Number of protein chains: 2
Amino acid sequence: MSFDERKKTRVTLLDVARHANVSRATASLVLRKSPLVGSETRSRVEQAMRDLGYVYNIGAARLRVERSQIIGAIVPNLTNPFFAELLSGIEEVIGETGKVVILANSGDRVERQATLLQRMREHGVDGVILCPAARTAPALSEEIADWGMPVVQVLRHISFNIDYVGADYAAGMRQAVDYLASLGHEKIAFAAHGSVQSAYQERVDGFRDAMLSKALDPGILIHFPTQLGEIASATHLLFDQATRPTAVICFNHLVALGLAAGLHDCGLTIGRDLSLIGFDDVADEEAIRPKLTSVSTGPVTIGEMAARLLLERITNPHLPPRRVVNETTLNIRQSCGRPM
Amino acid sequence: MSFDERKKTRVTLLDVARHANVSRATASLVLRKSPLVGSETRSRVEQAMRDLGYVYNIGAARLRVERSQIIGAIVPNLTNPFFAELLSGIEEVIGETGKVVILANSGDRVERQATLLQRMREHGVDGVILCPAARTAPALSEEIADWGMPVVQVLRHISFNIDYVGADYAAGMRQAVDYLASLGHEKIAFAAHGSVQSAYQERVDGFRDAMLSKALDPGILIHFPTQLGEIASATHLLFDQATRPTAVICFNHLVALGLAAGLHDCGLTIGRDLSLIGFDDVADEEAIRPKLTSVSTGPVTIGEMAARLLLERITNPHLPPRRVVNETTLNIRQSCGRPM
DNA sequence: CTGAAAGCGCTTACAG
DNA sequence: CTGAAAGCGCTTACAG
């Protein structure tokens with residue numbers, strides 16, 4: 001059968017019904033597994049579907065029923081393995097329910113994010129999981145409420161009126177600082193990175209608070225370039241400070257990777273000349289030598305939780321907004337030692 | 001306005017038309033930017049859309065018109081950064097056209113892949129980019145043809161009847177072998193990994209052919225565990241062979257990462273005690289020390305090309321099947337030296 | 001440039 | 001358990 005012939009012979013539910021000698025209504029009931037239809041009839045209809053090669057048309061069904069079976073996911077960066085793991089968690093639990101996820105990359109840009117949200121509304125998504133771009137106006141939450149669109153924020157948040165799933169970044173910083181302090185470190189730097197948003201702020205504030213509570217100076221805060229390739233060659237920034245740090249806590253795994261390389265290039269031995277703690281604990285941390293001690297935030301789990309929360313929100317839109325803050329754990333490996 | 005009130009007040013094209021004092025047909029023409037409608041009328045309608053907060057319903061439009069504006073993408077593994085980069089290329093070019101991509105993870109399992117394809121058909125996707133799961137029956141290509149569904153295969157192929165975009169893995173192997181041979185290596189191992197599919201076969205065959213054409217023994221072929229964490233601890237396999245290799249070519253960047261770590265654990269220095277060449281050249285290669293010499297396959301570019309090919313296929317279904325095979329390049333960095 | 005009408009493929013009361 | 005009918009929100013000839 002040629003492509004064109006096929007077009008006009010698309011088989012519909014009515015065709016199936018006729019083939020099975022039932023009404024279209026009955027065929028529809030079979031499709032949706034209603035108990036109203038007898039087993040003999042049911043199997044006759046199912047056989048007809050197979051015979052004719054029937055394909056359910058979700059789009060047509062959606063027109064009648066308020067459910068598209070499509071979920072949107074918007075992340076600021078697809079290339080970052082951290083977000084890839086997040087997505088994998090999301091796709092896993094959404095996929096299990098038979099729904100489908102539309103993926104989009106905002107590039108951390110607000111205008112593009114607006115376009116994507118609009119596009120998703122046009123596709124009638126049942127809800128979206130959004131990692132808001134940096135500098136997203138908090139007013140977006142009111143728009144979202146006006147639209148009546150179920151949304152959960154992941155990793156970053158712009159409003160308390162919308163569900164949120166993230167990690168306890170501040171606690172993670174405390175674990176890192178406490179551990180380094182227990183080894184005797186007092187001059188601890190924070191190696192920041194990327195755009196300023198809630199997760200950034202919580203990490204920076206968490207670092208400062210943790211340092212202050214140990215009566216240490218939280219003043220060594222350095223911002224590293226965005227591109228992984230440039231981080232290594234910016235390592236010297238660590239040593240251009242008024243006080244030279246004996247340990248560094250990294251904003252995320254990209255910075256950790258970059259600095260691990262950069263320190264090697266400087267001829268320094270990690271864990272001896274300088275202690276290094278990573279953040280996020282993506283798969284790589286195990287593969288670097290020395291193995292990186294790192295604060296784990298569990299991106300896959302966060303993705304799964306966000307997906308579950310969204311599904312609940314969809315079935316029950318009137319729930320009060322919830323916040324799920326995942327615990328962090330410090331995985332102690334080989335990149336920290338006592339200060340020299 | 002509450003959630004429930006909103007539901008019943010959904011604004012339709014007819015509402016817009018009435019508000020703007022035109023017919024529904026005219027409003028529809030404005031929507032699709034037809035030149036048939038006068039500029040004064042057009043702006044009146046556009047104003048009405050804004051006033052009423054109209055949202056275009058793609059699903060409804062699709063019912064009339066054969067185009068869902070949805071593209072499917074099926075990959076065997078989301079967590080692998082290589083596929084994340086591929087996806088980012090796909091999303092980029094599909095997104096530019098205003099279309100949307102449905103993402104799904106087959107887990108490299110044939111049955112799950114079948115479910116996903118079915119689900120995508122039900123959603124009426126305009127086409128799908130498929131990286132076929134290992135052991136996919138070639139007969140799938142006939143099913144796809146029967147469905148009349150535009151498909152392009154990426155990275156792996158199961159049939160010559162379907163468009164394909166990949167990389168010239170064999171040429172990449174030749175570049176790697178030639179380079180090592182030029183340094184004087186004769187005992188070169190191939191560190192394989194993962195499931196057997198076309199890309200696997202092409203790499204293995206490419207390695208063997210390249211070795212034979214240099215009159216070298218292609219017999220040192222070792223299969224490493226799937227999980228990144230286990231590769232490092234399996235490094236000893238390299239030295240359990242009848243002839244001890246002086247260089248290793250890795251199947252992909254995961255193996256390269258794992259072996260780089262494992263060799264370090266064995267107290268060996270890469271580039272001196274053993275030369276190592278990576279494959280795929282994901283961002284990490286630059287961040288490892290020593291920097292890994294690696295064959296680049298350009299996953300982002302492949303994703304972009306696959307997306308473009310699919311768009312062409314959709315607009316012109318009768319084109320003969322095409323094969324786009326991307327060139328590979330050898331990025332020489334620091335992980336290879338002369339044999340000891 | 002505009003209006004009235006048919007139809008895309010489904011679901012959902014409603015009456016039997 | 002089944003049939004006839006209305007309707008979801010759009011597009012597309014067709015006639016003006």
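Remember, it's a predicted structure, so these values are computed and weren't measured experimentally. First the proteins, then the strands, lettered A, B, ... as listed; each starts at 1.
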Start with the C-alpha distance between A:Leu103 and A:Leu78, add both sets of side-chain angles, then the distance that settles side chain to side chain contact (heavy atoms under 4.5 Å, CB included), and finish with yes or no.
-> CA-CA 9 Å; A:Leu103 165 69; A:Leu78 260 177; 3.9 Å; yes
Using the side-chain hydrogen bond (donor to acceptor under 3.5 Å, both in side chains) rule, pick out the option among B:Arg109, B:Gln197, B:Gln113 that qualifies with B:Thr136.
-> B:Gln113
Identify whether any heavy atom of B:Arg24 sits under 4.0 Å from a base atom; if not, whether one sits that close to sugar-phosphate; answer base, sugar-phosphate or nothing.
-> base
Would B:Leu319 and B:Arg313 count as a side chain to side chain contact (heavy atoms under 4.5 Å, CB included) if you check the C-alpha gap in whole Å, the side-chain angles of each, and the deciding distance to 0.1 Å?
-> CA-CA 7 Å; B:Leu319 288 173; B:Arg313 166 69 49 198; 3.8 Å; yes
Could you pull out the closest heavy-atom pair between A:Lys33 and A:Arg42, with the gap in Å?
-> CA-NH1, 3.9 Å
Which residue, A:Ile129, A:Ile71, A:Val300, forms the side-chain contact (heavy atoms from CB on, under 4.5 Å) with A:Ile90?
-> A:Ile129
Between B:Val22 and A:Arg32, who's closer to the 5' end of DNA chain C by nearest nucleotide?
-> B:Val22
With distance as the sole criterion, is a donor-acceptor pair present between the side chains of A:Gln47 and A:Arg50 under 3.5 Å?
-> yes
Outermost contacting nts on DNA chain C, any atom under 4.0 Å from chain B heavy atoms, listed 5' then 3', are C:dC1 to C:dG9
On DNA chain C, nearest-nucleotide positions of A:Tyr54 versus B:Thr41: which is more 5'?
-> B:Thr41
Base-pair map of DNA chain D as dot-bracket, where | denotes pairing with a different strand and pairs are Watson-Crick or G-U under 3.5 Å = |||.||||||||.|||
Determine whether A:Arg322 and A:Glu312 make a side-chain contact, defined as any pair of heavy atoms from C-beta on separated by less than 4.5 Å.
-> yes
In sequence, state the C-alpha distance, the side-chain angles, and the governing distance for B:Asp163 and B:Val151, and then conclude on side chain to side chain contact (heavy atoms under 4.5 Å, CB included).
-> CA-CA 7 Å; B:Asp163 291 331; B:Val151 169; over 6 Å; no
A:Ala61 near the nucleic acid: base, sugar-phosphate alone, or nothing, with a heavy-atom cut-off under 4.0 Å?
-> sugar-phosphate
